[in-house]
Amino acid sequence: IRHYNALLDALGKANRLDDAESLFCEFEKYGLAHDVASHSIMISANGKSGRIEDAERCFRRMKKENVKPNAFTYSALIEAFGRAGKLQKAEETFRSMIEDGVAPNVVAYNALIKVYVKRGKNDKAFKLSEEMIKNGKVPDVITYGTLIDACAKARDVEKAFKVFNDLKKNQIKPNRVCYASLIDACAKGKQPERGFEVLELMKSSKTPPDIFAYNALIDACGRAKMVHRAFQVYDEILIAGLIPDRVTFNALISACGRAREVEKAFEALDIMINKYGHEADRHTYNSLIDACGKSEKMLKAFEIYNRMIKNNVK
RNA sequence: UAAUAUUUC
């Protein structure tokens, strides 16, 4: 059964939902009964593909087959509802989890916290993190990472650092995600210098910055219209032996746009395409058009727009 | 065997 579940999961992760569904239905033929993992995999796979109704259907099917959902199942369902923007259903799922006698674990809490953050309900996110402690669950690095991200989205730099300090107070070692989120908070809060400090902190904490951290820092420079420094960070990426990705260039182009440096934006575009082989995506086009607009190069903006349509970028 | 967080906003 484990091998079949693993196969189901692989199909789901390869976005081959129909194949996964077929295999799921053939279990009986092989003399296998679906277990809780089989069902959870199907819920998760459908949820991740944005097929929330199918995910719900899988959950009902599970009940019909008298297989008891566990924490994995509920977490997957909460995540699925969150992805679909259905906050109430996510909350409802969390409650029914408790009613069904399945104690929410850290992952279930984290999943719902994330839904709150996604919906901009930071108060509820923090409240739930406190509630989890009251219920004897220990927030993990993901809990803190999610909360730091919540602060970033609210542009609350001070609170982001406060959460980061809480994390350390609780003897948790911040990982790259936490650092990148913290830099993102500095970016969104327009405090690039603190972002650079966090980058240094990463280095001194034996957590070499990854591309996420660098990209967030480029964005920090961009929002402060510090184009030159943004490109310095880009150089540092290369020195660190990392490969700049499309986000790197999009952030650079966006930075140029904010500072009305259209020429530089196109230089970055050129390097992105011709040196790294990254195709322009909708963010790239957005930033380019924005850059042209800000510099009153409307003709150029229309040209880019047409190129975007031609290349079928949605 | 399955569930949760970060960058281009």
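All chains are named by letter (A, B, ...) in the order of the sequence lines, taking the proteins before the strands, and each is independently numbered beginning at 1.
- The CD1 atom of A:I183 sits 20 Å away from the P atom of B:A5 (whole-angstrom rounding).
- Per the geometry, CG belonging to A:D184 stands 5 Å off P belonging to B:U8, to the nearest Å.
- Here B:U7 presents its P atom at 18 Å from CG of A:L242, a figure rounded to the nearest Å.
- Rounded to a whole Å, the OH atom of A:Y214 is 18 Å from the P atom of B:U8.
- In this structure, A:K159 satisfies the cation-pi test against A:F126, with its NZ or CZ atom closer than 6.0 Å to the six-membered ring centre and inside 45 degrees of the ring normal.
- At a threshold of 4.0 angstrom between heavy atoms, the contacts of A:S40 include nucleobase atoms, whether or not backbone atoms are also involved.
- Checked for salt-bridge contact, A:R194 and A:E158 meet the test: a charged N lies under 4.0 Å from a carboxylate O.
- Here A:S254 reaches the OP1 or OP2 of B:C9: one of its side-chain N or O atoms lies under 4.0 Å away.
- Which of B:A5, B:A2, B:U4 sits closest to the side chain of A:C178 comes down to B:A5.
- If you take CZ of A:R119 and C1' of B:C9, they are 15 Å apart, rounded to a whole angstrom.
- Judged purely by distance below 3.5 Å, without hydrogens or angles, the side chains of A:K48 and A:S44 pair a donor atom with an acceptor atom.
- The phosphate of B:C9 has neither OP1 nor OP2 within less than 4.0 Å of any side-chain N or O from A:K190.
- Within 4.0 Å (heavy atoms only), A:I41 reaches sugar-phosphate atoms of the nucleic acid but no base atom.
- Residue A:S44 places its side chain closer to B:A2 than to any other of B:A2, B:C9, B:U1.
- The side chain of A:K48 places an N or O atom within less than 4.0 Å of a non-bridging phosphate oxygen (OP1 or OP2) of B:U4.
- Side-chain nitrogen and oxygen atoms of A:K13 include at least one within less than 4.0 Å of the OP1 or OP2 phosphate oxygen of B:A3.
- Under 4.0 angstrom from either OP1 or OP2 of B:U6 there lies at least one side-chain N or O belonging to A:K114.
- You won't find any donor-acceptor pair under 3.5 Å spanning the side chain of A:N110 and the base of B:A3, going by distance alone.
- Within 4.0 Å (heavy atoms only), A:R282 reaches no atom of the nucleic acid at all.
- A salt bridge links A:D219 and A:R258; the closest N-O separation between the charged side-chain nitrogens and carboxylate oxygens is under 4.0 Å.
- Among the atoms of the strands shown, only primed sugar atoms or phosphate atoms (P, OP1, OP2) are found under 4.0 Å from some heavy atom of A:K153.
- In summary, A:R229 and A:E193 engage in a salt bridge, as defined by a charged side-chain N under 4.0 Å from a carboxylate O.
- When each of A:D140, A:V141, A:T146 is checked for a side-chain contact (heavy atoms from CB on, under 4.5 Å) with A:T143, only A:D140 meets the rule.
- Between the C1' atom of B:U4 and the CG atom of A:D149 lies a distance of 13 Å, rounded to the nearest Å.
- Here A:T146 lies in heavy-atom contact (under 4.0 Å) with sugar-phosphate atoms only.
- Counting any heavy atom pair closer than 4.0 Å across all strands shown, A:A216 reaches sugar-phosphate atoms only and no base atom.
- At the heavy-atom level, A:V117 lies nowhere under 4.0 Å from the strands shown.
- Stacking between A:F212 and B:U6 is shown: the ring centroid lies under 5.5 Å from the centre of the six-membered base ring, and the planes differ by under 30°.
- Contact of A:N70 with B:A2 (side chain to base): a donor-acceptor pair of N or O atoms is detected under 3.5 Å.
- Atom-to-atom, CZ of A:R223 to P of B:U8 comes out at 6 Å; the value is rounded to the nearest Å.
- Between the A:D270 side chain and the A:F266 main chain, no donor and acceptor come within less than 3.5 Å of each other.
- Note on A:A213: nothing from the nucleic acid sits closer than 4.0 angstrom, heavy atoms only.
- As judged by a 4.0 angstrom heavy-atom cut-off over every strand, A:D140 is placed among residues making no nucleic acid contact.
- When distances are taken from the side chain of A:N105 to each of B:A2, B:A3, B:U8, the shortest belongs to B:A3.
- Looking at heavy-atom distances under 4.0 Å, A:A76 makes contact with sugar-phosphate atoms alone, never a base.
- Across all strands shown, A:D245 has no heavy atoms under 4.0 Å from either base or sugar-phosphate atoms.
- No donor-acceptor contact under 3.5 Å links the side chain of A:D35 to the base of B:A2.
- As judged by a 4.0 angstrom heavy-atom cut-off over every strand, A:N286 is placed among residues making no nucleic acid contact.
- Taking atom NE2 of A:H278 as the reference point, atom P of B:U8 lies 17 Å away to the nearest angstrom.
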